[in-house]
Every structure is written in structure tokens, then in C-alpha cells.
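Beneath this line is the structure, given in C-alpha cells, with notes to follow.
Given the structure is predicted, the values throughout are model-derived calculations rather than measurements. Chain A is the first sequence line, chain B the second, and so forth, proteins listed ahead of strands; every chain is numbered from 1.
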Amino acid sequence: MLDIRLIRENPQGVKDRLAARHGGAALAALVDEVLACDEARRQAETEKQRLQSERNRMSKEIGMRRKAGEDTAAAEAQVKGFAAELAEWETMAERADVRQRDLLLGIPNLPHEACPVGHDAAANPEVRTWGEKPVFAFPPKDHVTLGTALGMLDFESATRITGSAFVVYRGVGARLERALINFLIDVHTRDHGYTEVLPPYLVHADSLIGTSQLPKFADQIYACPEDGLYLAPTAEVPVTNLHREEIVRADRLPIRYVAYTPCFRREAGAAGVGTRGLIRMHQFDKVELVKITVPEASMAALEDLTRHAENILQQLGLHYRVIELCTGDLGFGSTKTYDIEVWAPGQNSYLEVSSCSCFGDYQARRMNLRFRDPDTGKNRFAHTLNGSGTALARLYVALLETCQQADGSILLPEVLRPYVGVTEIRAAEADCPQG
RNA sequence: GGACAGAUGGCAGAGUGGUCGAAUGCGCACGCUUGGAAAGCGUGUGUGCUAGAAAUAGCACCGAGGGUUCGAAUCCCUCUCUGUCCGCCA
């Protein structure tokens with residue numbers, strides 16, 4: 001949520017910065033509407049308070065005069081006469097306040113000054129690359145072919161028990177997924193200083209509003225309306241909201257969390273777009289990194305967080321590139337984002353396995369997450385960040401496709417071998433992994 | 001799912017219709033005291049909003065929302081959460 005004071009003080013500046021976003025031209029009208037609402041709200045608020053003040057003063061007087069045995073009927077009738085007008089202003093103030101908040105919840109974050117300006121994904125600059133595209137002496141297969149042949153991936157069963165865009169991992173395939181989860185969490189806790197958390201997968205609406213999935217993206221989220229709960233589309237939601245409505249002690253910052261959760265996404269409207277195999281699923285596993293920092297530290301924290309995610313791919317020996325999202329491609333709540341894309345030989349393309357974003361105080365404002373500034377004694381909104389460290393399904397794709405051998409077996413990277421318990425995955429072993 | 005009890009400031013804990021943003025204690029900050037510290041003494045110590053250039057003033061907030069009343073932390077209703085017991089279950 002944007003700061004209403006900022007909008008009030010520099011509406012044109014806000015509009016200009018929003019205009020660089022995808023669909024940004026339409027946002028100027030929203031900003032104007034917010035301003036009008038703010039004006040009406042403050043006027044109603046002032047009138048309301050004037051009457052309340054008068055009422056309080058007279059009620060006190062009535063109390064004292066009654067104690068003194070005087071007749072107060074006239075004064076009581078007079079105060080009662082305030083009620084209608086007071087209620088009117090109260091209603092107006094309330095309505096304007098709710099409307100203003102609704103409008104603000106629908107306005108995306110301002111892109112950071114450092115965010116490259118561009119129209120769409122084509123304008124995203126490449127920041128760096130690591131490793132090389134592997135060269136094969138044979139035509140590389142894709143992960144569906146490899147995983148199905150090895151008995152690791154079973155799409156048919158998933159369709160039978162649930163539907164399309166779900167998968168069953170089997171045998172050593174399931175074990176590999178579990179191994180990756182453990183490996184990622186181990187690296188981030190041991191080497192990068194994150195605290196492991198295992199949060200609920202179901203969250204209430206306020207949490208989703210806090211991280212800005214709601215109200216705008218309701219159609220992308222699985223809901224359990226009878227209970228007012230939603231399946232979290234990412235661990236970002238429960239983990240960042242760990243500190244909602246809280247004033248965090250400054251000496252506890254930065255807070256760093258790593259969390260494994262499954263992620264549930266309806267992917268409405270995405271049917272048919274790159275849907276083969278594990279690439280776009282309604283449920284996938286992800287290890288997420290979340291940071292809460294003081295405002296001054298957030299940009300450096302984004303760089304660190306991105307490096308932490310990259311480190312995973314480096315240890316697995318997977319070629320990747322880092323791109324920065326331009327203003328036109330930036331996510332709703334983000335002020336600056338790096339995407340990490342891993343090379344998947346079977347797809348002959350890069351796959352987004354991590355999106356690392358700094359949200360500034362945008363989410364903190366929505367969830368009222370503050371810290372006390374030790375220098376001024378004032379409460380300030382914290383900055384929040386998150387990034388996948390990394391998404392598992394697409395990592396799985398890249399791993400299978402990069403590590404495949406001519407006979408269709410998978411030669412695991414060194415670091416995973418202790419976790420999986422084998423060096424190579426072959427058809428014969430697939431369904432009877434060693435324990 | 002059923003029954004009962006509870007929710008007040010950083011914490012503990014008073015307060016059952018009026019001058020209560022809220023006693024008291026602890027904690028914390030500053031000052032005095034001291035060679036230094038402790039103890040002791042004194043002062044201060046919530047958040048948000050509105051108006052204002054500011055000093056400051058006002059309004060709201062005692063789990064949340066509604067109601068009664070001239071006036072609600074206090075009375076009534078609904079909900080949420082916590083605790084205890086019962087049932088059920090992994």
C-alpha cells in the first residue's frame with residue numbers, strides 16, 4: 001500500500017512512476033480518486049471530531065451537575081440533538097475511509113528509482129550468467145520422457161486422482177524431491193544464516209491482503225469459503241505475515257527465514273502455455289527465503305538474497321542467468337525484482353526458478369509491520385523481501401535434463417548424492433530406492 | 001463438536017456507568033545521590049488520526065464488531081482467540 005501522505009504531497013510524481021508499469025496509464029485515474037476520497041475523509045473526520053468534542057464536554061458537565069442535584073434534562077436533550085448530525089459525519093468518514101483503503105489496495109507499488117524502465121519482458125536486461133549450456137553427444141530428452149521412463153514421475157496417476165497439471169513422484173523420484181528440499185534448507189540455514197520455519201499452508205484473507213495477493217488476484221488462489229481460508233500460493237504469505245501487526249525490536253533485524261511449503265495456484269487463464277510436464281503445476285514445492293530489514297538495508301539485502309538463491313544452482317552445477325525485471329514487467333507489490341532462470345536442455349530454453357523481490361514498505365504498510373527506530377524512538381514501517389530459494393519443480397526439470405546420460409539415466413551432482421543415497425538414477429533402481 | 005473460565009498499556013495487575021488513556025507494582029529512560037555501582041529519591045514513559053508552519057489542541061483506541069445511554073473499559077448482543085474439562089481423532 002502506498003503512503004497516502006506521499007500521494008497527497010506529490011500526486012504527479014506518484015502518477016509518473018506508476019505510469020512506467022504494465023497498465024500504468026490507467027492508474028492515474030485511481031490516484032485522483034484516492035485524493036478526492038482523502039479530501040472527503042478528512043473533512044468528515046474534522047466535522048465528526050468537532051461534534052464529539054462538544055458532546056464529551058457537555059456530557060461531563062451533565063455528570064457534574066447531576067451530582068450537584070441540578071436538573072439536566074435540557075442539556076441532555078440538546079446533546080441528543082447532536083446524534084443525527086454526528087451519525088451522518090461518522091458514516092461519511094467511515095465510508096470514505098473504507099473506500100480509500102480499497103482504492104489503495106488496488107494500486108501497485110512504485111518501481112524503485114534503480115529499476116530499468118521498459119515496456120514488457122523483452123526489455124528485461126540480463127544482469128549476469130553463470131556456467132555454460134551443456135553440450136550433449138546425443139539429442140537430449142525432456143524431463144517428462146526421462147522421468148516417466150525411469151518411473152520417477154507419474155502424470156497419469158495424478159490425473160486419475162486429481163486432474164491435469166498435477167504429478168505423482170514415485171520411488172527415487174519422490175526421494176529426489178525430498179532430497180532437494182533438505183539440501184536447499186540445509187544450505188540456507190547452515191551457510192546463509194536463515195532460520196527455518198514450517199508454517200501453515202492455509203491462511204486467512206488478511207494475510208493474503210498483507211502480501212498483496214488479495215484483493216486483486218483472487219482468481220489465482222484456491223479458496224475454502226466455508227472456513228474463510230485459502231491455500232497459500234507461496235510461503236511468502238504465511239512467512240512474511242509471521243510479523244503482521246507487530247512492532248519488531250530493532251535489534252532483531254534483519255530477520256531471515258527459510259521455509260519449505262507446497263504452493264497452490266489455480267493458474268487461471270494459463271492453460272496451454274508451456275504446460276507440459278512439471279513446468280506449470282497447480283501444486284508444486286518451493287523453498288522460500290524471506291527477509292525483514294530496516295529501510296536503509298533492503299537494497300543490499302536484495303542483492304544478498306539473490307546470491308543465496310544463485311548459490312544453490314551453482315552447487316548443483318546448473319547453468320543459469322539472472323535478469324532484472326523492467327518497470328513494465330514488475331510484480332504488483334515489488335519495487336525491484338531479479339529473476340533467476342535456469343537452463344533446461346530438454347526445453348531448449350531458460351526456466352524461471354526464482355524471483356527475488358524487494359517490496360520496500362509496501363507490504364509492511366498493508367500488514368502493519370513496524371520496528372522502533374532506536375535513533376528517533378519512532379515506529380517505522382519495515383522493509384520486506386522474498387525470493388524463491390528455489391522453486392523445486394522447475395529445478396527438478398533442469399536437473400533431470402542437464403544431468404541425463406545417453407542411456408536415459410541421471411548422474412546426480414555430488415552434493416545431492418548423500419541426500420539421495422545413489423550416484424546415478426537408473427530404471428532398475430527407480431522403484432526400489434535404497435533407504 | 002459440548003461445557004465452563006478468561007482477553008485491560010512492554011510485562012504483571014486494579015478498575016462494574018461520569019472528571020479513566022486508565023490506580024499500583026515491575027521494567028525502561030533521564031536526573032539527583034555515589035570514588036564507582038547497588039539501594040534510595042525525583043521526573044518521565046502507548047498507538048493512530050484530525051487541525052496547525054510550529055508549540056500545541058482535539059478525536060479514537062481497554063480482543064474485534066454492533067447495540068443501550070446525555071455519557072461505556074464497565075451494561076447487552078454477535079464473533080475471534082486463549083485456558084481447563086468432556087467427546088472425537090492423527
Side-chain angles (χ1 to χ4, degrees), chain A residues 1-10 34-105 198-210 224-230 238 241-253 255 262 361-382:
Chain A
M1 194 157 65
L2 297 183
D3 184 358
I4 183 63
R5 287 195 195 87
L6 179 67
I7 296 176
R8 207 185 287 153
E9 282 159 21
N10 186 6
V34 168
L35 280 169
C37 219
D38 181 50
E39 193 65 41
R41 193 195 102 247
R42 286 154 71 204
Q43 199 213 331
E45 193 72 29
T46 304
E47 291 300 322
K48 181 188 95 178
Q49 290 183 7
R50 199 197 79 229
L51 285 167
Q52 283 174 325
S53 180
E54 184 63 9
R55 181 201 63 196
N56 290 349
R57 194 188 60 74
M58 290 189 68
S59 289
K60 246 178 213 179
E61 200 181 296
I62 289 168
M64 285 189 290
R65 285 172 57 193
R66 265 204 190 178
K67 210 168 259 180
E70 294 176 39
D71 175 33
T72 55
E76 281 173 37
Q78 195 188 343
V79 178
K80 208 167 188 173
F82 290 175
E85 194 190 346
L86 180 57
E88 227 169 274
W89 288 117
E90 250 170 9
T91 306
M92 260 194 262
E94 168 76 11
R95 225 179 259 159
D97 191 59
V98 168
R99 176 83 183 129
Q100 181 179 318
R101 184 175 163 80
D102 284 351
L103 288 166
L104 284 173
L105 288 177
L198 189 58
Y201 307 152
L202 286 163
V203 295
H204 56 50
D206 283 344
S207 288
L208 286 156
I209 289 169
C224 313
E226 277 155 22
D227 304 291
L229 295 176
Y230 302 80
N241 278 286
L242 230 35
H243 296 284
R244 61 178 293 107
E245 303 288 346
E246 192 177 318
I247 299 171
V248 183
R249 283 179 44 183
D251 59 15
R252 287 194 54 202
L253 298 176
I255 291 170
D361 65 6
Y362 187 84
Q363 292 183 329
R365 222 174 260 287
R366 290 169 80 111
M367 67 177 76
N368 201 20
L369 194 184
R370 294 171 296 172
F371 72 100
R372 188 178 294 276
D373 191 321
D375 295 330
T376 62
K378 292 280 180 199
N379 295 331
R380 299 170 66 195
F381 289 108

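If you check every strand for non-hydrogen atoms under 4.0 Å, A:Met58 touches nothing. Here A:Arg65 lies out of heavy-atom contact (under 4.0 Å) with every strand. Among the atoms of the strands shown, none is found under 4.0 Å from any heavy atom of A:Arg380.
Pair assignment for B:A22 gives none, since no Watson-Crick or G-U wobble pairing has each distance under 3.5 Å. Pair assignment for B:G17 gives none, since no Watson-Crick or G-U wobble pairing has each distance under 3.5 Å. Figure legend. B:G27 is base-paired to B:U45; pairs are counted as Watson-Crick or G-U wobble with both atom distances under 3.5 Å. Summarising the base pairing, B:U78 is matched to B:A64 through a Watson-Crick or G-U wobble pair whose two defining distances lie under 3.5 Å. Across all strands shown, the partner of B:U56 is B:A51, judged by Watson-Crick or G-U wobble contacts whose two distances both fall under 3.5 Å. With a 3.5 Å ceiling on both atom-pair distances, the Watson-Crick or G-U wobble partner of B:G40 is B:C32. Pair assignment for B:G1: B:C86, on the basis of Watson-Crick or G-U wobble contacts that are both within less than 3.5 Å.
Across the protein-nucleic acid pair, A:Glu76 atom CD and B:U68 atom P stand 16 Å apart, rounded to whole Å. Protein atom CG of A:Asn368 is 18 Å distant from nucleotide atom P of B:C61, rounded to whole Å. Atom CD of A:Glu45 is separated from atom C1' of B:C59 by 7 Å (rounded to the nearest Å). The nearest whole Å value for the distance from the CD1 atom in A:Ile247 to the C1' atom in B:U47 is 7 Å. Distance, A:His204 NE2 to B:C79 C1': 14 Å, rounded to whole Å. Across the protein-nucleic acid pair, A:Glu245 atom CD and B:G48 atom C1' stand 12 Å apart, rounded to whole Å. Nucleotide B:A51 holds its P atom 11 Å from the CD atom of A:Glu47, rounded to whole Å. In this entry the distance linking CH2 of A:Trp89 with P of B:C59 reads 18 Å, nearest Å.
The residue among A:Arg50 and A:Thr46 whose nearest nucleotide of RNA chain B is located toward the 5' end is A:Thr46. Nearest-nucleotide assignment on RNA chain B puts the 5′-proximal partner with A:Arg5, out of A:Lys48 and A:Arg5.
A donor-acceptor contact under 3.5 Å is not formed by the side chain of A:Arg55 with the base of B:G71. For B:U19, the base has a donor-acceptor partner in the side chain of A:Lys67 [N/O atoms by modelled type, under 3.5 angstrom].
Using P as the reference atom, B:G67 and B:A73 are 15 Å apart when rounded to the nearest Å. Distance noted for atom P between B:G40 and B:G25: 12 Å (whole Å). Taking atom C1' in both B:A64 and B:U80, the straight-line distance is 7 Å, to the nearest Å. Comparing B:C76 with B:G17, their C1' atoms sit 13 Å apart, to the nearest whole Å. Spacing of C1' atoms, B:A54 relative to B:U33, comes out at 38 Å, to the nearest Å. B:G1 and B:C88 have their P atoms separated by 15 Å, given to the nearest Å. Using atom C1' as the reference point in both B:G65 and B:A12, the two lie 29 Å apart (nearest Å). Between B:A39 and B:C30, the two P atoms lie 15 Å apart (nearest whole Å).
Distances shown here put a side-chain N or O of A:Ser53 below 4.0 Å from the OP1 or OP2 atom of B:C59. The phosphate of B:A57 has neither OP1 nor OP2 within less than 4.0 Å of any side-chain N or O from A:Arg57. For B:G10, neither phosphate oxygen OP1 nor OP2 lies less than 4.0 angstrom from any side-chain nitrogen or oxygen of A:Arg372. Here A:Arg41 reaches the OP1 or OP2 of B:U50: one of its side-chain N or O atoms lies under 4.0 Å away. Contact annotation: A:Arg370 reaches the phosphate of B:G48 (side-chain N/O to OP1 or OP2, under 4.0 Å). Within the structure, every side-chain polar atom (N or O) of A:Lys60 is placed at least 4.0 Å from both OP1 and OP2 of B:U19. Listed pair A:Asn56 / B:A60 meets the phosphate criterion, a side-chain N or O lying under 4.0 Å from OP1 or OP2. The phosphate of B:A51 (OP1 or OP2) has a side-chain N or O of A:Arg42 nearer than 4.0 angstrom.
A donor-acceptor pair is defined here as one N or O able to donate and one able to accept, closer than 3.5 Å; such a pair exists between the side chain of A:Arg366 and the backbone of A:Leu105.
Once rounded to the nearest 0.5 Å, the distance linking CD of A:Glu90 with CD of A:Glu45 reads 9.5 Å.
Listed candidates were B:G48, B:C70, B:C59. Nearest to the side chain of A:Asn379 is B:G48. With B:G58, B:A60, B:C70 as the choices, the nucleotide that has an atom nearest any side-chain atom of A:Gln52 turns out to be B:A60.
Contact check on A:Glu9 versus A:Arg5 returns no salt bridge, with no Lys/Arg side-chain nitrogen under 4.0 Å from an Asp/Glu carboxylate oxygen. In this structure, A:Asp97 pairs ionically with A:Arg41, as a charged nitrogen and a carboxylate oxygen lie closer than 4.0 Å. A:Lys80 has no carboxylate O lying under 4.0 Å from a charged side-chain N of A:Glu76, or vice versa, which leaves the two without a salt bridge.
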- Test side chain to side chain contact (heavy atoms under 4.5 Å, CB included) applied to A:Val248 and A:Arg370, step by step: CA-CA 6 Å; A:Val248 183; A:Arg370 294 171 296 172; over 6 Å; no
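Taking a 6.0 Å sphere around CD of A:Glu39, one finds it holds 12 or fewer heavy atoms contributed by other residues, nucleotides or ligands. Heavy atoms from other residues, nucleotides or ligands lying under 6.0 Å from CZ of A:Arg95 number 12 at most.
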